[in-house]
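Okay, structure first, notes after.
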Protein chains: 2
Amino acid sequence: MRNPTLHDVAHLAGVSYATADRVVNRRGNVAEKSVLKVKGAVEQLGYVRNVSAAKLSKNSPHRLAFVLPHRSHTFFGRMHAQLDRSQPHLKIARISCDIIEFEAFEAGALEKALSGLLGQKYDCIAFVGQGADGASGVLGALRAEGVHIVSLVSDGPEGSRDHYIGIDNVKAGRTAARLVGMAHRGAAGCVVVTVGAMDVRDHFDRVTGFRQVLESDFPNIQISDVIKTKDQSAVMRSKLRSQLDQNADITAIYNTGAGNEGVVDLVRILDLSASIFCIVHDLSSVVRTALEEGVIDIVIDQRPEIEMNRALALLQAVVDELPPPPTPELIPAIYVRGHLPNERS
Amino acid sequence: MRNPTLHDVAHLAGVSYATADRVVNRRGNVAEKSVLKVKGAVEQLGYVRNVSAAKLSKNSPHRLAFVLPHRSHTFFGRMHAQLDRSQPHLKIARISCDIIEFEAFEAGALEKALSGLLGQKYDCIAFVGQGADGASGVLGALRAEGVHIVSLVSDGPEGSRDHYIGIDNVKAGRTAARLVGMAHRGAAGCVVVTVGAMDVRDHFDRVTGFRQVLESDFPNIQISDVIKTKDQSAVMRSKLRSQLDQNADITAIYNTGAGNEGVVDLVRILDLSASIFCIVHDLSSVVRTALEEGVIDIVIDQRPEIEMNRALALLQAVVDELPPPPTPELIPAIYVRGHLPNERS
DNA sequence: CACAAAATGATATACGTCAATCATTTTGAT
DNA sequence: ATCAAAATGATTGACGTATATCATTTTGTG
């Protein structure tokens with residue numbers, strides 16, 4: 001009835017505890033036949049290491065680091081907030097968690113922040129990259145030190161990290177396109193698409209998906225040139241304005257990046273909320289209000305709080321040397337007027 | 001640097017380890033002033049019990065039970081599957097998890113299943129209720145035994161359980177209404193709404209939310225009588241058919257419950273996919289196909305896999321006597337054609 | 001067979017908490 | 001002051017693993 005211990009395993013395998021230990025903890029210097037005997041016994045008894053005992057025995061503090069854009073960015077502010085809320089739990093789990101902030105869209109800022117973590121003996125590092133940030137060298141060096149690397153929100157190349165936690169941004173773009181198409185209800189139209197920059201991987205992916213669906217399923221909806229905003233509302237405001245001025249046929253706006261405040265201001269000022277279908281990413285108080293007013297029609301929210309939770313769960317599994325928990329795909333939430341989540345979701 | 005232990009606390013408080021232990025584990029027979037001294041020391045040192053050591057020392061097996069409708073129901077099948085996937089993790093966490101299946105829509109079946117758990121020394125029980133199932137007596141008895149009770153998917157009265165894990169179904173109904181409205185793009189219409197039964201709480205809530213938004217924001221979209229299907233495709237097929245035959249003005253169908261197969265069959269047979277906007281709940285292979293075909297336009301999926309994960313996380317926290325983890329609100333996913341999640345999400 | 005190298009056994013301590021025992025001291029009521 | 005009750009102190013073993021040490025046995029090579 002009682003769970004088998006390593007002593008039980010050793011006994012069944014007909015070896016000493018020391019040898020069983022050498023096998024399960026891969027210490028080497030064990031004859032092949034002993035390995036087999038021990039593994040057989042493990043199998044037969046269904047032995048699983050008692051994690052509590054192991055942690056108690058090791059008693060080594062675990063260290064995580066999150067490298068995130070500054071919390072003044074509304075989106076990342078939500079990740080920070082969730083991390084704050086998780087601190088008591090991390091304390092209970094005996095995990096220390098450092099947060100390093102960097103300035104997004106500042107060349108080399110991420111790379112520099114990551115470099116500072118070299119040789120610091122972190123167990124895991126999670127970071128928000130943006131694709132073309134030249135960080136792959138540092139990431140490689142960190143991984144060479146045995147640090148687990150997790151990329152958040154925007155994925156980098158497959159080999160640069162151990163895990164990616166974030167939504168599928170191509171799918172998000174496809175969803176946006178279909179909703180735009182649905183809202184046109186067969187009518188022709190023209191969409192302005194905006195991004196922070198085209199080399200930000202998540203924005204690029206969204207545009208890609210958006211294009212795919214419009215081209216294949218809604219051929220009479222055109223896409224104007226893609227506007228690059230550096231995720232700044234001021235840039236958004238001016239560039240989007242000139243686009244709207246030039247082109248009176250615009251029926252929809254899809255902002256794949258930040259800078260929603262610019263969009264909202266403009267639609268309000270030009271009084272376009274009735275005539276333009278507006279779909280943006282990620283909830284903030286500005287977006288909330290705009291959605292309730294009808295200025296924005298749909299918000300696709302990737303729920304950074306949940307991404308943060310996933311990251312924490314994954315990192316905890318990693319430090320305990322457990323397999324990652326079975327986690328369903330991350331799907332962004334779609335908000336329309338009248339059913340927003342509670343303020344502190 | 002090292003985390004403070006209870007010995008440290010006792011020392012700082014100027015009492016023996018035994019007394020400190022009496023305080024933190026509420027064993028009683030401690031003078032008030034000693035309690036204060038110990039609590040002060042705990043506070044001062046930021047002492048938190050080492051969960052690993054506690055678990056190791058207690059070494060008591062934890063027992064959970066899930067009381068779910070039979071896995072042949074596609075929706076609950078997904079919950080079962082997620083539970084299956086979690087078994088290795090539960091084993092590692094030294095938690096045993098029994099699954100009790102019952103026949104939904106069979107009067108008294110849930111109550112009977114729950115009764116069987118009385119006196120079985122479960123730590124926590126999670127169950128899927130349906131509102132009017134007369135189970136409140138048993139639930140009270142179980143809670144009186146000290147069993148933690150969690151309701152899933154469909155909430156019961158506030159006092160009948162310790163936690164509810166599921167989406168806000170009123171909001172889901174509101175969302176459905178807004179999407180239906182959006183798809184009408186100002187045109188008038190008439191929606192058929194279908195439920196399993198009106199006393200199933202989640203279905204009822206959805207209808208309520210749906211009504212709210214249509215009445216307030218889309219007054220020229222009518223709602224036909226609500227069709228009750230007992231969540232059976234056959235019933236759906238016949239009742240919905242007669243409704244469609246009677247009323248040629250129907251522009252949309254909103255199914256709040258199960259029985260989607262009936263909806264899909266009918267729309268296909270009557271060739272209504274172009275003329276009727278169809279929105280349903282919860283993904284299944286039938287719904288997947290129908291969505292890709294254009295027979296169904298939108299699926300609101302409450303992601304039972306995630307609900308199951310949440311339940312497991314919560315129950316684990318409960319058995320370890322930890323505060324529940326900080327969890328963002330559950331928001332259902334909204335699927336349209338072309339961006340479905342991976343098959344085994 | 002001799003000898004070194006490799007493998008194994010035996011054993012001990014530490015990790016922090018829980019739970020129990022028993023002796024001793026303090027407290028409060030008379 | 002006396003006595004019982006209440007509170008406290010001191011101490012111990014158990015939980016299962018990690019990790020280390022040292023002695024002993026087995027293996028392989030010439």
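Letters A, B, ... are given to chains in the order of the sequence lines, protein chains preceding strands, and every chain is numbered from 1.
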What pairs of nitrogen or oxygen atoms, one from the protein and one from nucleotides 4-7 of chain D, lie under 3.5 Å apart?
residue: D:dA7; atom: OP2; partner: B:Asn29; partner atom: OD1; Å: 3.3

Inset, instruction - Could you tell me the separation between the CG atom of A:Leu83 and the CG atom of A:Leu68, rounded to the nearest 0.5 Å? - result: 7.0 Å

Inset, instruction - Using whole Å, report how far CG of B:Leu6 lies from P of C:dC15. - result: 15 Å

Legend entry - N or O in side chain of A:Asn59 less than 4.0 angstrom from C:dG16 OP1/OP2: yes

Inset, instruction - Please list, chain by chain and in numerical order, all residues satisfying ring-ring contact (aromatic ring centres under 6.0 Å, His included) with A:His11, sequence neighbours excluded. - result: none

Legend entry - C:dG9 phosphate, OP1 or OP2, under 4.0 Å from A:Ser16 side-chain N/O: yes

Legend entry - Side-chain donor/acceptor of B:Arg310 to backbone N/O of B:Gly166, under 3.5 Å: no

Inset, instruction - Supply the atom-to-atom distance B:Ile100 CD1 to B:Phe66 CZ, rounded to the nearest 0.5 angstrom. - result: 10.5 Å

Legend entry - Length of the line joining A:Lys58:NZ and D:dA20:C1', which is rounded to integer Å: 15 Å

Legend entry - Rounded distance [0.5 Å steps], CZ in A:Arg27 versus CZ in A:Arg22: 8.5 Å

Mind listing the side-chain donor-acceptor pairs of residues 88-95 of chain B below 3.5 Å, one per line with the distance, residues two or more places apart or on another chain?
residue: B:His89; atom: NE2; partner: A:Pro323; partner atom: O; Å: 3.3
residue: B:His89; atom: NE2; partner: A:Pro324; partner atom: O; Å: 3.4
residue: B:Lys91; atom: NZ; partner: A:Gly46; partner atom: O; Å: 3.1
residue: B:Arg94; atom: NH1; partner: A:Val48; partner atom: O; Å: 3.3
residue: B:Arg94; atom: NH2; partner: A:Val48; partner atom: O; Å: 3.2

Inset, instruction - Can you sort out which residues in residues 45-56 of chain A have a heavy atom within less than 4.0 Å of DNA chain C? Ascending by number, please. - result: A:Leu56

Legend entry - Spacing of A:His7 atom NE2 relative to D:dA14 atom C1', expressed in whole Å: 13 Å

Legend entry - Nearest-0.5 Å distance, CG of residue A:Asn29 to OG of residue A:Ser34: 11.5 Å

Legend entry - Pairs where residues 61-71 of chain B contributes a residue and the test side-chain hydrogen bond (donor to acceptor under 3.5 Å, both in side chains) is met, not counting sequence neighbours: B:Arg63-B:Asp98, B:Arg63-B:Tyr122, B:His70-B:Ser72, B:Arg71-B:Asp84

Legend entry - B:Gly14 vs A:Val24, nearer the 5' end of DNA chain D by closest nucleotide: B:Gly14

Legend entry - Nearest-nucleotide pick for A:Val15, side chain only, options being D:dC15, C:dG9, D:dA18: C:dG9

Inset, instruction - Give the intermediate values and the outcome of salt bridge (Lys or Arg N to Asp or Glu O under 4.0 Å) for residues A:Glu321 and A:Lys58. - result: CA-CA 12 Å; A:Glu321 294 174 74; A:Lys58 274 215 180 67; 3.4 Å; yes

Legend entry - Length of the CZ-P vector between A:Arg26 and D:dT19, whole Å: 12 Å

Legend entry - Approximate separation, where rounding is to 0.5 Å, of B:Met79 CE and B:Gln302 CD: 7.5 Å

Protein-nucleic acid N or O pairs under 3.5 Å, nucleotides 20-27 of chain C:
none

Inset, instruction - Could you tell me the separation between the CD1 atom of B:Ile125 and the CG atom of B:Leu139, rounded to the nearest 0.5 Å? - result: 8.5 Å

Legend entry - Nucleotide nearest B:Ser57 (side chain, heavy atoms from C-beta), chosen from D:dT8, D:dA18, C:dT17: C:dT17

Legend entry - Atom-pair distance (CG on B:Asn3; C1' on C:dG16), nearest Å: 11 Å

